[in-house]
Amino acid sequence: TGLYYHYVSDDIIVGSQPRNHDDIDHIVLNEKATTILNLQEDRDLHNWAVDLNHLSQRASHHGASIVRTPATDFDEHSLRAVLPKAVAQLQNARSKGRVYVHCTAGLGRSPAVAIAALYWFTDMQLDEAYEYLTSIRPCGPKREAIRGATFDLLSGRGWHDFFHEPSHAFASLNADDRARLWTKLPGLEL
């Protein structure tokens with residue numbers, strides 16, 4: 001297959017887009033993913049002539065599912081807005097098995113979702129989670145989008161207020177912050 005992916009943990013794989021039946025077969029049968037989390041927009045799929053219904057049927061045939069949370073490629077603000085829902089979907093899928101999370105190349109949106117999940121659901125702080133993932137998978141996701149989404153979930157203040165925060169703000173969490181953050185993630189099954 002033409003897939004380019006890395007294991008971030010036993011149950012999270014970050015990679016490039018599946019484009020055909022062979023890719024879906026590889027992800028589900030060889031890598032044992034039970035959920036494929038797709039962060040692509042319709043135009044990404046169109047640009048690569050990917051038939052998502054076709055891929056969903058193939059995944060379903062193998063007992064797996066494709067879940068979508070579209071984010072605009074190279075758009076930090078779109079990513080920031082989508083992260084809470086995408087991380088909640090990732091966490092919910094992890095409770096059922098291994099998750100293959102992807103965007104188009106797997107270098108921006110999908111690693112950002114995995115980093116946010118590590119930051120919000122483990123003892124890692126943002127810089128630790130970022131360095132951990134980027135040491136495994138060479139990529140450059142938007143760290144500020146993750147910090148911004150953390151601000152949005154915890155501060156209760158307006159979107160633009162984030163831009164007045166110092167660069168270290170919302171880059172570390174304690175156990176209370178994490179517990180509060182989990183209650184704010186849309187659709188998270190605790």
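On a predicted model such as this, the values are computed, not experimentally measured, just so you know.
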Shortest non-hydrogen contact from D11 toward G97 = CB-O, 4.0 Å
Parallel, tilted or perpendicular: ring planes of F170 versus F151, cut at 30 and 60 degrees | perpendicular
Main-chain N/O of T104 paired with S16 side-chain donor or acceptor, under 3.5 Å | no
Evaluate the ring planes of H26 and Y5, with Trp represented by its six-membered ring, and classify them as parallel (under 30°), tilted (30 to 60°) or perpendicular (over 60°).
-> tilted
Which heavy atom in Q91 sits nearest to a heavy atom in A117, and how many Å separate them?
-> OE1-CB, 3.9 Å
With hydrophobic residues grouped by side-chain heavy-atom distances under 4.5 Å, do V67 and V8 end up in a single group?
-> yes
Hey, could you give me each pair passing side chain to side chain donor-acceptor pair (under 3.5 Å) that has a residue in residues 167-182? Not counting sequence neighbours.
-> none
Hey, what do you get for CG (L45) to CD (Q17), rounding to the nearest 0.5 Å?
-> 7.5 Å
CD of Q57 to NE2 of H54, rounded to nearest 0.5 Å, is 7.5 Å
Any side-chain heavy atom of L173 sitting closer than 4.5 Å to one from L154?
-> yes
Counting N and O atoms only, with roles assigned by atom type, does the side chain of R137 sit under 3.5 Å from a partner on the main chain of G106, one being a donor and the other an acceptor?
-> yes
What is the minimum heavy-atom distance between A112 and I146, and which atoms define it?
-> O-CD1, 3.7 Å
Counting distance only, does the side-chain N/O of S60 pair as donor-acceptor with the main-chain N or O of S56 below 3.5 Å?
-> no
Could you tell me whether the side chain of V113 reaches within less than 4.5 Å of the side chain of L83, counting heavy atoms only?
-> yes
E41 and T72: side-chain contact (heavy atoms from CB on, under 4.5 Å), yes or no, with the steps?
-> CA-CA 6 Å; E41 290 186 306; T72 304; 2.8 Å; yes
Who passes salt bridge (Lys or Arg N to Asp or Glu O under 4.0 Å) against E165, sequence neighbours left out?
-> R157
Could you give me the CA-CA distance, side-chain angles and deciding distance for K96 and E189, then say whether side-chain contact (heavy atoms from CB on, under 4.5 Å) is met?
-> CA-CA 11 Å; K96 299 172 186 102; E189 299 162 6; 4.1 Å; yes
Between R68 and Q40, the two heavy atoms sitting closest are NH2-O, 2.9 Å
With distance as the sole test, does Y100 use its side chain to make a donor-acceptor pair with the main-chain N or O of V28 at under 3.5 Å?
-> no
Are I66 and I24 side-chain neighbours, meaning at least one heavy-atom pair lies under 4.5 Å?
-> yes
Sub-4.5 Å side-chain heavy-atom contact between R109 and V82 = no
With the 4.5 Å side-chain cut-off for hydrophobic clustering, are I12 and Y130 part of the same group?
-> yes
Polar side-chain atom of S135 near backbone of Y132 as donor-acceptor pair, under 3.5 Å = yes
Side chains of Y119 and L181: closer than 4.5 Å at any heavy-atom pair?
-> no
Exceeds 12 heavy-atom contacts within 6.0 angstrom, atom CH2 of W159 = yes
Which distance, rounded to the nearest 0.5 Å, do you find between the CG of L107 and the CZ of F74?
-> 8.5 Å
Intermediate values then yes/no, side-chain contact (heavy atoms from CB on, under 4.5 Å), D44 and V50 | CA-CA 8 Å; D44 299 320; V50 172; over 6 Å; no
Donor-acceptor pair, R98 side chain versus I13 backbone, under 3.5 Å?
-> no
Please determine if K142 and D75 form a salt bridge, counting it only when a charged side-chain N lies under 4.0 Å from a carboxylate O.
-> no
D51, CG atom: more than 12 neighbouring heavy atoms under 6.0 Å = yes
Over 12 foreign heavy atoms within 6.0 Å of CG, D10 = no
Could you give the distance from CD1 (I36) to CD (E31), rounded to the nearest 0.5 Å?
-> 11.5 Å
For P141 and P111 the tightest heavy-atom approach is CG-CB, 4.0 Å
Atom pair CD1 (I115) and SG (C139), whose distance is rounded to the nearest 0.5 Å | 6.0 Å
Residues R143 and E131 bridged, charged N to O under 4.0 Å = yes
Where do L55 and P18 come nearest, in terms of heavy atoms and distance?
-> CD1-O, 3.3 Å
Check the pair R58, I27 against side-chain contact (heavy atoms from CB on, under 4.5 Å), reporting the backbone distance first and the verdict last.
-> CA-CA 11 Å; R58 187 62 171 202; I27 291 167; over 6 Å; no
If you round to the nearest 0.5 Å, how far is OG1 of T34 from NZ of K32?
-> 12.0 Å
Can you name the residues that form a salt bridge (Lys or Arg N to Asp or Glu O under 4.0 Å) with D23, not counting sequence neighbours?
-> none
Give a yes or no on whether F163 atom CZ has more than 12 heavy-atom contacts from other residues, nucleotides or ligands under 6.0 Å away.
-> yes
Same cluster for W48 and L52 if Ile/Leu/Val/Met/Phe/Trp/Tyr side chains link at under 4.5 Å?
-> yes
Less than 4.5 Å apart, any side-chain heavy atom of W120 and any of T150?
-> yes
Taking C-beta and beyond as the side chain, do N92 and L188 meet within less than 4.5 Å on heavy atoms?
-> yes
Is the shortest heavy-atom distance from the side chain of L153 to the side chain of P84 under 4.5 Å?
-> yes
